[in-house]
There are 2 protein chains.
Amino acid sequence: MKPITLKDLALKLNISVTTVSKALKGYSDVSKSTRDAVFALAEEMNYTPNSVAVNLRTRQTNTIGVIIPTIVHQFFSKVIDGIIEEAEKKGYLVITLQSNESVKLEKKQIDLLLNKRVDGILISLANDQKEIKHLQKVINKKTPLVLFDKISKSLVCSKVVINDREAAYNAVTHLIQSGCKKIAHFRGPLNPQNSIDRYLGYRKALEDNNIKFDKSLIYTCEDVSFEEGYKFAEDIYEKNKDIDAVFAITDLVAVGAIAYFNENNIAVPNQISVIGFSNWFMSSVISPSLTTVDQPGYKMGKKALKLLFKEMNAQKKGKEFIPETIVLPTKIIKRNSTLI
Amino acid sequence: MKPITLKDLALKLNISVTTVSKALKGYSDVSKSTRDAVFALAEEMNYTPNSVAVNLRTRQTNTIGVIIPTIVHQFFSKVIDGIIEEAEKKGYLVITLQSNESVKLEKKQIDLLLNKRVDGILISLANDQKEIKHLQKVINKKTPLVLFDKISKSLVCSKVVINDREAAYNAVTHLIQSGCKKIAHFRGPLNPQNSIDRYLGYRKALEDNNIKFDKSLIYTCEDVSFEEGYKFAEDIYEKNKDIDAVFAITDLVAVGAIAYFNENNIAVPNQISVIGFSNWFMSSVISPSLTTVDQPGYKMGKKALKLLFKEMNAQKKGKEFIPETIVLPTKIIKRNSTLI
DNA sequence: CTGAAAGCGCTTACAG
DNA sequence: CTGAAAGCGCTTACAG
């Protein structure tokens with residue numbers, strides 16, 4: 001039951017391992033008769049090459065590593081979907097790890113992947129990112145690295161993102177154009193760049209429309225959860241009956257807010273409009289259905305992998321590679337939680 | 001920038017590679033002074049072992065492979081979550097592959113994982129499963145294998161499942177107890193075992209309650225989608241105005257049905273009750289919220305991996321391993337789409 | 001306590 | 001066209 005090796009084939013055919021290897025790889029300097037014999041026997045004995053040995057010899061594993069905060073999250077599972085599909089096309093396998101928003105875990109996982117000698121790493125950073133030494137290490141070791149969605153501006157490497165600031169700007173502008181004037185923002189945690197950017201987009205939209213920024217209308221999520229959305233909606237409504245819109249950091253939070261409004265007979269969107277971010281499937285089936293910003297997860301996964309391959313290929317050819325940043329377009333999906 | 005190897009350390013310390021290796025692995029037959037020197041240098045030079053070489057030498061990769069139909073599906077992403085968490089605890093990495101419900105792809109992926117010499121494989125089968133040769137191959141090669149959720153009865157290996165028949169039986173009984181008499185079933189595709197079992201549970205519940213089975217109340221999903229739920233709801237309502245309940249193969253289908261009923265002012269649950277299966281997060285936030293059967297994905301992933309390890313360990317010790325089947329409990333989550 | 005040697009299963013530059 | 005040899009980076013049984 002031990003796997004068949006090249007040696008087994010060579011022994012049976014009475015030729016050298018070298019020749020068997022070359023025959024199997026279709027080298028031209030092997031006679032047709034030998035090649036045929038090798039292929040026939042390999043087929044018959046059900047030979048499959050031992051990837052581990054090949055990897056060691058070629059210093060290449062055809063494996064890439066992916067680290068995301070959490071997989072049970074529609075956006076990230078879409079990204080993973082895109083990555084796996086694209087990787088498979090090129091004969092690569094994908095190892096997925098979850099940081100659970102912990103930088104400590106993230107560090108350990110980077111080391112695991114590095115030891116595993118993956119050919120490249122794709123990562124979306126944990127929220128409490130303050131230091132980036134572990135990522136700098138990846139770059140120093142010349143392991144291709146691409147950040148996506150949750151990135152760090154201070155790292156010099158390729159990135160795939162959306163323009164969070166602009167997307168948020170557009171979302172809030174949409175609310176303003178529909179007549180809203182007192183717009184709350186349930187923002188994300190303080191650290192992540194995309195949470196900051198969405199907040200800045202919100203502020204800019206207010207500014208450009210001469211709406212005074214009011215700090216008391218800002219709530220900060222820690223877990224970015226349904227419960228927070230619900231709780232913040234309750235709190236803000238009790239303190240500001242005249243609030244007329246909520247821009248939430250993500251659909252889950254928006255759905256929590258809508259749940260509170262529904263339960264308390266506060267009409268969405270007639271009294272309060274709500275706009276989310278991400279476009280989870282869920283948002284299309286709740287009532288009222290949620291207007292939101294579509295965030296192209298699947299595409300982001302594909303693009304991130306393509307960029308990684310580009311870097312890997314440049315490296316193989318010994319060429320210099322200049323990091324690229326790809327900004328994917330977003331669009332507002334208009335549904336029934338906003339007036340227009 | 002080439003990674004540091006044992007040889008590099010040995011050269012610097014003027015000792016043999018053997019001793020360096022032993023020191024690093026904490027063998028007792030290395031003097032303390034040597035060990036200290038080795039550790040100090042390894043630390044200083046940032047040595048990390050090359051897993052590929054270790055894997056080749058030890059014939060073990062500390063990697064397991066997982067194949068699921070699709071990752072963008074809350075149930076499966078929960079399973080993956082459970083698998084990854086559990087694997088990480090034991091120092092294992094997880095390669096995830098999606099069959100997209102294609103057996104052809106599944107076969108290729110099995111080969112990939114086998115070539116990769118993963119230490120074990122976890123799989124939830126594609127729907128159009130008719131043959132199982134590729135899985136039999138895994139067993140023949142003595143690679144530990146555990147099936148979960150979507151299994152094949154004819155394979156002799158470990159399995160982790162829920163009792164689909166019983167769960168469906170309970171769901172339908174719940175509808176009957178609430179007074180429903182004309183209960184439709186939007187079933188899954190014809191092939192998968194769990195789809196068959198849920199259908200059988202439905203029939204048994206009718207039988208035990210003296211409700212005559214009516215073939216025209218059965219609709220068969222192909223994609224198990226929202227759209228199918230919607231379409232089937234429309235069709236059945238047009239043909240049977242007196243229908244009073246729908247038991248759907250999965251939440252997504254149930255949510256599609258509810259969407260149709262809502263849009264057409266057919267009161268759920270007062271006119272028609274709806275019960276789903278899986279307990280996606282979505283089900284708790286739609287209106288009316290969906291009564292459903294909770295399917296423990298996270299736990300299933302953990303259990304499947306534990307069973308796999310059990311088999312791997314037995315194998316290492318040369319012990320015989322008798323395949324086990326674990327049946328996880330399910331429960332009905334009562335919400336507002338049913339009368340009680 | 002230390003190390004030479006063999007070997008895991010491949011690939012490839014080189015010689016013939 | 002074929003193959004001996006070296007080597008990828010480790011581990012481990014064995015000798016001293």
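It should be emphasised that the depicted structure is a prediction, and the values quoted were computed from it without experimental measurement. Residue numbering restarts at 1 for every chain, and letters A, B, ... go by the order of the sequence lines.
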Contacts of B:Thr58 and B:Lys32 projected onto DNA chain C by closest heavy atom; the upstream (5') one is B:Lys32
Assess whether one donor atom and one acceptor atom, taken from the side chain of B:Lys7 and the base of D:dG7, lie less than 3.5 Å apart. no
Any side-chain heavy atom of B:Ile80 within less than 4.5 Å of one from A:Ile80? no
Where the side chain of A:Ala53 is defined as all heavy atoms beyond and including C-beta, which of C:dC10, C:dC8, D:dG9 is the nearest nucleotide? C:dC10
Of all the choices, C:dT2, C:dG9, D:dG9, which nucleotide is nearest to the side chain of B:Val30 once you look at every atom? C:dT2
When rounded to whole Å, the CD1 to C1' distance for the pair B:Ile15 and C:dA4 reads 14 Å
Among C:dA4, D:dT2, D:dC10, the one nearest any side-chain atom of B:Ser16 is C:dA4
Can you identify which nucleotide, out of D:dT12, C:dG9, C:dT2, has its nearest atom closest to the B:Tyr27 side chain? D:dT12
Per B:Ser21 side chain, nearest of listed nucleotides D:dT2, C:dC10, D:dT12: D:dT12
B:Arg59 or B:Thr19: which one's nearest nucleotide on DNA chain C is closer to the 5' end? B:Thr19
Are side-chain heavy atoms of A:Val20 and A:Val17 found at a separation under 4.5 Å? no
Under 3.5 Å, is there an N or O donor on one side and an acceptor on the other linking the side chain of B:Thr18 and the base of C:dA4? yes
Tell me: NZ of B:Lys25 to P of D:dC10, nearest whole Å? 12 Å
Which listed nucleotide (C:dC1, C:dC8, D:dG3) is nearest to the side chain of B:Ser31? C:dC1
From CD1 of B:Ile4 across to P of D:dC8 the rounded distance in Å is 14 Å
Quickly work out the A:Leu6 CG to C:dG7 P distance and round it to whole Å. 17 Å
Considering Watson-Crick and G-U wobble pairs with both distances under 3.5 Å, what does D:dA15 pair with? C:dT2
Take the protein atom CG of B:Asp29 and the nucleotide atom C1' of D:dC14, then report the distance between them rounded to whole Å. 12 Å
A:Pro49 vs B:Asn115 side-chain heavy atoms within contact, under 4.5 Å: yes
Ranking C:dG3, C:dC1, D:dC1 by distance to the side chain of B:Lys22, first place goes to C:dG3
Atom-to-atom span, NZ of A:Lys116 to C1' of D:dG9 - whole angstrom: 15 Å
So, A:Lys108 and B:Glu88, do they make that salt bridge, N to O below 4.0 Å? no
Distance check needed: D:dC8 P versus A:Arg117 CZ, whole Å only. 14 Å
I'd like to know if the side chain of A:Arg59 and the backbone of A:Leu56 have a donor-acceptor N/O pair within less than 3.5 Å. no
Can you find a pair of side-chain heavy atoms, one from B:Thr48 and one from A:Lys141, that are under 4.5 Å apart? yes
NA contact type, A:Val52, heavy-atom cut-off 4.0 Å: base, sugar-phosphate, or nothing? nothing
Nearest-angstrom distance from the residue atom CG of B:Asn115 to C1' of C:dG9: 13 Å
Students often get this wrong, so: under 4.0 angstrom with heavy atoms, is A:Asn50 touching a base, only sugar-phosphate, or nothing? sugar-phosphate
